[in-house]
J.: 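Got a structure for you, questions after.
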Amino acid sequence: MVVLASTPAVDHIPLLRSPDPGDYFAGMPVVDLSSPGAPKAIADACERFGFFKLVNHGVPVDTMERLESEAVRFFSQSQAEKDRSGPAYPFGYGSKRIGLNGDMGWLEYLLLAVNSASLSGACPVPACAVFRAALNEYIAAVRKVAVRVMEAMAEGLGIAPLDALSAMVTAEGSDQVFRVNHYPPCHALQGLGCSATGFGEHTDPQLVSLLRSNGTSGLQIALQDGQWVSVPSDRDALFVNVGDSLQVLTNGRFKSVKHRVVANSLKSRVSLIYFGGPPLAQRIAPLPQLLGRGEGEQSAYKDFTWSEYKKAAYKSRLGDNRLAQFLK
Ligand code: GA4
């Protein structure tokens, strides 16, 4: 990550965005995972927005804060030190470049492979044992939440068995990824009426994503009518979003939400994101329990496996509509 020593002319700064609409997401669904109404509230939120805030999720505050401080420590190392943990593909440290097809963002990050409930042993990054322990503790806890959320989704959809969705992330060989993002403040833009794109608009290819941030705002989601709204940050909550694969499994009932991050001009944002994906061979197609219901309801999608979808996703640009080519 290049630190700007002096204020460059605005037109020399890449990734500029016009002023934000600034609208806060007033109607954001907040779900209490410990309440009996959670399954219905989750299913409603996934149908309306593909997004909700989760409270009383059970990940201890200490576990979240320990990982946050280890991440801050990692990113405060010298550039040369961090580059030793790169490149990000397939897994490791990356700066500004997102994916392999030319997308850029005002961030640095770690992209990590998750094996069952912890970092994959084959993933050598990060090398620091304390950081790895904090990651493993957090990943084990957040993955349990993902399983509970996916069980609640099945219950809310009224489908059996309860693990019809969650079994895909608990299965041997499930394809889970963890990402630690650091968006440094973009001081150069302070007061200039514009902001930097931290992570450009996109949908997540997986089933579900669970995000925790350090309380610095920046996350925005697109509502179904295309309007972008800012998500008020909350360091104690988890934010859950539906990914493309879950949209397909529910035959479009749940919406894969478009989201993006705008860099803050004053404060650093650190986010921790767990992406729950199925095993590579998993067929991604509407659940028969859902298709059986409606009068002659047909799948809206061509048949594909997670491996095929993932391959297509990694060939795409960040903002592409990746599901379009799989629509019937
Ligand atoms: C979006 C969700 C996850 O962050 C991610 C991203 C991946 C990457 O950063 O390498 C992708 C992006 C994400 C979707 C399209 C492709 C792949 C960047 C990109 C341009 C790790 C993932 O699985 O897909």
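In what follows, every heavy atom counts, from backbone to side chain, and hydrogens, waters and symmetry copies are set aside. For ligands, and for the atoms within them, numbers begin at 1 and follow the listed sequence. In this text, all values refer to a predicted model and were calculated from it rather than measured experimentally.
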J.: Taking a 3.5 Å cut-off between nitrogen or oxygen atoms, can you list every pair linking ligand 1 to the protein, with distances?
T.:
residue	atom	partner	partner atom	Å
ligand 1	4 (O)	Arg179	NH1	2.9
ligand 1	9 (O)	Tyr89	OH	3.2
ligand 1	9 (O)	Arg179	NH1	2.8
ligand 1	10 (O)	Tyr89	OH	2.6
ligand 1	23 (O)	Gln206	NE2	2.8
ligand 1	23 (O)	Tyr314	OH	3.3

J.: Residues in side chain to side chain donor-acceptor pair (under 3.5 Å) with Ser76, at least two apart?
T.: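 For Ser76 there are no side chain to side chain donor-acceptor pair (under 3.5 Å) partners, ignoring immediate neighbours.
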
J.: Knowing that exactly one of Leu162, Leu165, Ile159 qualifies, which makes a side-chain contact (heavy atoms from CB on, under 4.5 Å) with Met153?
T.: Leu165

J.: ring-ring contact (aromatic ring centres under 6.0 Å, His included) with Phe178: which residues, sequence neighbours excluded?
T.: Tyr138

J.: Quick one: side chain to side chain contact (heavy atoms under 4.5 Å, CB included) partners of Pro232, sequence neighbours excluded?
T.: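 Counting only residues at least two positions away or on another chain, Pro232 forms a side chain to side chain contact (heavy atoms under 4.5 Å, CB included) with Tyr24, Met28.
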
J.: Any luck finding a side-chain donor-acceptor pair between His187 and Ser265 under 3.5 Å?
T.: no

J.: Given 3.5 Å as the limit, does a donor-acceptor pair link the side chain of Lys82 with the main chain of Phe75, or not?
T.: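 At least one qualifying donor-acceptor pair exists.
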
